Amino acid sequence: MNKIKIYQFTDPVCVWCWGNEPVVRALDYLYGDKIAIEYVMGGLIEDITTLYDLSGPKSTIIERANEIIANNWIAASTRHGMPVNTEHMSLFSERYPSSFPQNIAYEAAKRINPSLAKKFLRRIREATFIEQRRTSQMDVLVELAAETGFDAAQFVDEYTTGSAPGDFMQERMKCRRNGITGFPSYLIKNGSTKIILGGYQNLSTLHTVIGRLSDGKIKPRKVGPSQANVVDFMQQCSSTYPVEIEVAFGLDRNKTDLIISQLARSGRITSTPVGNGERLMVAAKAKSPSAHRQKARKTTSAQANQIATKDKNKVESEKEVVK
């Protein structure tokens, strides 16, 4: 039997792609190696100054665009449930007006380690939507890559002198060839048979498509919402958000909150307020990721700055080529 392949056409800073993280995580958890999930970078924002019909000085346009995007994030979050943090939102600036760097960064990571690149993409999304970090900056991308497990120098080399920018352009062409006009969109394929779904998708729709493409032979495993199973699910990633548990186990929000409170009281998980929601971590690892991030910042900060300075002209050149 052919493995079902699911391609998400995406951008690291697309709020609806962030909102579809619970569905993607649930698919991975429930189907395992019966399916393969891949990401196709589409490049959501080439230049923020041209995204909206705004006039005035460039700095004013960008400031207003950031405000519009922040409001869009809040509206989207109320619908899909993944939290966002929009206080003093300034993702874009005159020096960093594009989301292309994040797309290229993913392609660089994929060339080094495709499996780890997926965790890196998740980390970029978190840093963007939860931590209010300007993830188009090279030093931030280097730090996030190091936190994920990449060698900082290797990552920068791949980003600046490797084939990552060209790979990104090929991925954008793939979007056009498949008629993709918005993110996220999905191409679900079994052999030569494929189905394209445009826009944000719920888990039941993807269950139906997978069943149809496999003639009912590929089914999700049945996993009850026990505390042990929820902790096992959470260990897939360094952090989890309540709606991800809700989607993966088919729960309503009240039942999800009850399980979370029980796990927190027993000391098995920790909960931290973030933006308009909360971030959950398995207690045994609660200190480890944080300590790792602190260590990464200390050990890569000087290195990242040195690399970023050394390769500044190369980085800017690559951005112009992509544009």
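Only a predicted model underlies this, so the values are computations on that prediction, with no experimental measurement involved. Because only heavy atoms are used, hydrogens play no part in the values below, and waters and symmetry mates are left out as well, while side chains stay in.
- Between Phe150 and Phe155, the two ring planes are tilted [angle within 30° to 60°].
- In this structure, the separation between CZ on Arg172 and CG on Asn103 is 8.0 Å, given to the nearest 0.5 Å.
- Looking only at atom types and distance, the side chain of Thr135 has a donor-acceptor partner in the side chain of Gln102 under 3.5 Å away.
- Annotation: the span from Leu121 atom CG to Tyr106 atom OH amounts to 6.0 Å, rounded to 0.5 Å.
- Between Glu38 and Lys189, none of the side-chain N atoms (NZ, or NE/NH1/NH2) sits under 4.0 Å from a carboxylate O, so this pair counts as no salt bridge.
- Once rounded to the nearest 0.5 Å, the distance linking CD of Glu126 with NZ of Lys119 reads 13.0 Å.
- Distance CG/Leu144 to CG/Asp139: 9.5 Å, rounded to 0.5 Å.
- What you find for Ser77 and Pro83 is that their closest heavy atoms are OG-CA, 3.9 Å.
- Note that Arg111 lies outside the cation-pi zone of Tyr159, set by a 6.0 Å cut-off to the ring centre and a 45° limit from the axis.
- Remark: of the listed residues Tyr241, Trp73, Tyr200, Phe183, Tyr241 is the sole one forming a ring pair (Phe, Tyr, Trp, His ring centres under 6.0 Å) with Trp18.
- Ion pairing of Glu131 with Arg125 is absent here, as no side-chain N (NZ or NE/NH1/NH2) approaches a carboxylate O to less than 4.0 Å.
- Look at Lys3 and Asp33 and you find no salt bridge, because none of the NZ, NE, NH1 or NH2 atoms lies under 4.0 Å from a carboxylate O.
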